[in-house]
2 protein chains.
Amino acid sequence: MSISSRFSVGIHILTLIELNKDGVSSSEFLAGSVNTNPAVIRKIMGMLKKAGLIKVQPGIAGAELAKDLSDITLLDVYKAVHVVRDNELFSIHENPNPNCTVGRNIQNTIEPIFFKAQTALEKVLENVTIEDVIKGINEKEK
Amino acid sequence: MSISSRFSVGIHILTLIELNKDGVSSSEFLAGSVNTNPAVIRKIMGMLKKAGLIKVQPGIAGAELAKDLSDITLLDVYKAVHVVRDNELFSIHENPNPNCTVGRNIQNTIEPIFFKAQTALEKVLENVTIEDVIKGINEKEK
DNA sequence: TTACATGTAATTATTATAGTTACATGTAAG
DNA sequence: CTTACATGTAACTATAATAATTACATGTAA
């Protein structure tokens, strides 16, 4: 089980839009880099647009970032592409037996722990921006 | 998409084994508290046993913890029940286009970021023991 | 009108999960 | 030895999510 590759594709898209800012970033172009079908890219781009991360117009080729690179965090992307529901990274079994001490308390006891773990993960993502990703790529290209 | 409830059930099992240490924790008994089929419990218990967290014997009823409460972390449970593969919490799209700067570098650039995020989550789990869960339950029962 | 762009739905195949059923093997008591 | 009950495991079913593909609607510009 893993977090959908939609997230990594979303990051790829945003990164490429920036690095191709002097060109036209059509869904076809982006799909070529990601190596997937343009319809997939358009689906994800729709989510990024809805989240206010990019600007695209029907019929007109070329997406643009809607925010500054350094203002787009990986957490923004993660939430934009809906890979994990709020506070639902961990599933907790339902309907434990209320006649049992553990049964009636387990959900409420572990839920805050799971919340804390999910928050720790999301905090790491919140501290990385598309600008950082681009720096990372530039370093690897040297 | 979420981390399987096998993990929360695993925690439930270990917690109940401890709180029922003067009784017999058969898979039937544990299943009653979790409110699931005993075969499910036995499957998970097999994993916990394999990971050295509990002791069970064929034909003989009653599981026991194989380690001290305070030495069993939620990370131990998480790894025991194989809900997430090592360093694979996040999927990364495969085969990006190597003819593109972003395409050839994106995987290696975001992989360490994802690793860091997963590690942050796992560190939280590593700092919580079954003893803590029991304390949490006892507080809720007051 | 045509060519090309975005946007979305439907379909298919695969995988993982959750739950159930069936049955094999092991233990202990009578 | 038989019976009752325990652990252990496989197979099956249903569901949901993912990934990929195809088809088509709508929009823009020449």
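- In this structure, the CE atom of B:Met47 is 11 Å from the P atom of C:dA18, given to the nearest Å.
- A:Ser5 and B:Ser91 share no donor-acceptor pair across their side chains, judged by distance under 3.5 Å alone.
- Salt bridge status for A:Lys21 with A:Glu64: absent, with no side-chain N to carboxylate O gap under 4.0 Å.
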What's touching nucleotides 8-12 of chain D from the protein side, N or O pairs under 3.5 Å?
{"unit_1": "D:dG8", "atom_1": "OP1", "unit_2": "B:Lys49", "atom_2": "NZ", "d": "2.8"}
{"unit_1": "D:dG8", "atom_1": "N7", "unit_2": "B:Arg42", "atom_2": "NE", "d": "2.8"}
{"unit_1": "D:dG8", "atom_1": "O6", "unit_2": "B:Arg42", "atom_2": "NH2", "d": "3.1"}

Under 3.5 Å between N/O atoms: give me all the protein pairs with nucleotides 17-20 of chain D, atom names plus distance.
{"unit_1": "D:dA19", "atom_1": "OP1", "unit_2": "A:Ser5", "atom_2": "N", "d": "2.9"}
{"unit_1": "D:dA19", "atom_1": "OP1", "unit_2": "A:Ser5", "atom_2": "OG", "d": "2.7"}
{"unit_1": "D:dA19", "atom_1": "OP2", "unit_2": "A:Ser4", "atom_2": "OG", "d": "2.6"}

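- Ring geometry for A:Phe90 versus A:Phe114: interplanar angle under 30°, hence parallel rather than tilted (30 to 60°).
- Below 30°, between 30° and 60°, or above 60°: for A:Tyr78 and A:Phe7 the angle between ring planes is above 60°, a perpendicular geometry.
- A straight line from NZ of A:Lys55 to C1' of D:dT28 spans 18 Å, rounded to a whole angstrom.
- Applying the Watson-Crick and G-U wobble criteria (two distances, each under 3.5 Å), C:dG26 pairs with D:dC5.
- When each of B:Thr15, B:Ile11, B:Ile17 is paired with B:Ile13, the side chain to side chain contact (heavy atoms under 4.5 Å, CB included) condition holds for B:Ile17 and for no other.
- Between B:Ile41 atom CD1 and C:dG19 atom C1' the separation is 12 Å, expressed in whole Å.
- With a cut-off of 3.5 Å on both pairing distances, the Watson-Crick or G-U wobble partner of D:dT21 is C:dA10.
- In this structure, the CD1 atom of B:Ile17 is 10 Å from the P atom of D:dT7, given to the nearest Å.
- In summary, the side chains of A:Glu111 and A:Asn87 do present a donor paired with an acceptor at a separation below 3.5 Å, with no hydrogens or angles considered.
- Contact annotation: the side chain of A:Asn95 never approaches that of B:Val34 to less than 4.5 Å [non-hydrogen atoms, C-beta and beyond].
- B:Met47 and B:Leu16 fall within the same hydrophobic cluster, where Ile, Leu, Val, Met, Phe, Trp and Tyr residues are linked whenever their side-chain heavy atoms come under 4.5 Å apart, directly or through other members.
- The distance from atom CZ of B:Phe29 to atom C1' of D:dT7 is 17 Å, rounded to the nearest whole Å.
- With hydrogens and angles left out, the side-chain atoms of B:Asn97 and A:Ser33 include no donor and acceptor closer than 3.5 Å.
- Applying the Watson-Crick and G-U wobble criteria (two distances, each under 3.5 Å), C:dG19 pairs with D:dC12.
- Atom C1' of nucleotide D:dT7 and atom CD of B:Glu64 are separated by 15 Å, given to the nearest angstrom.
- Here D:dT7 presents its P atom at 10 Å from CD1 of B:Ile54, a figure rounded to the nearest Å.
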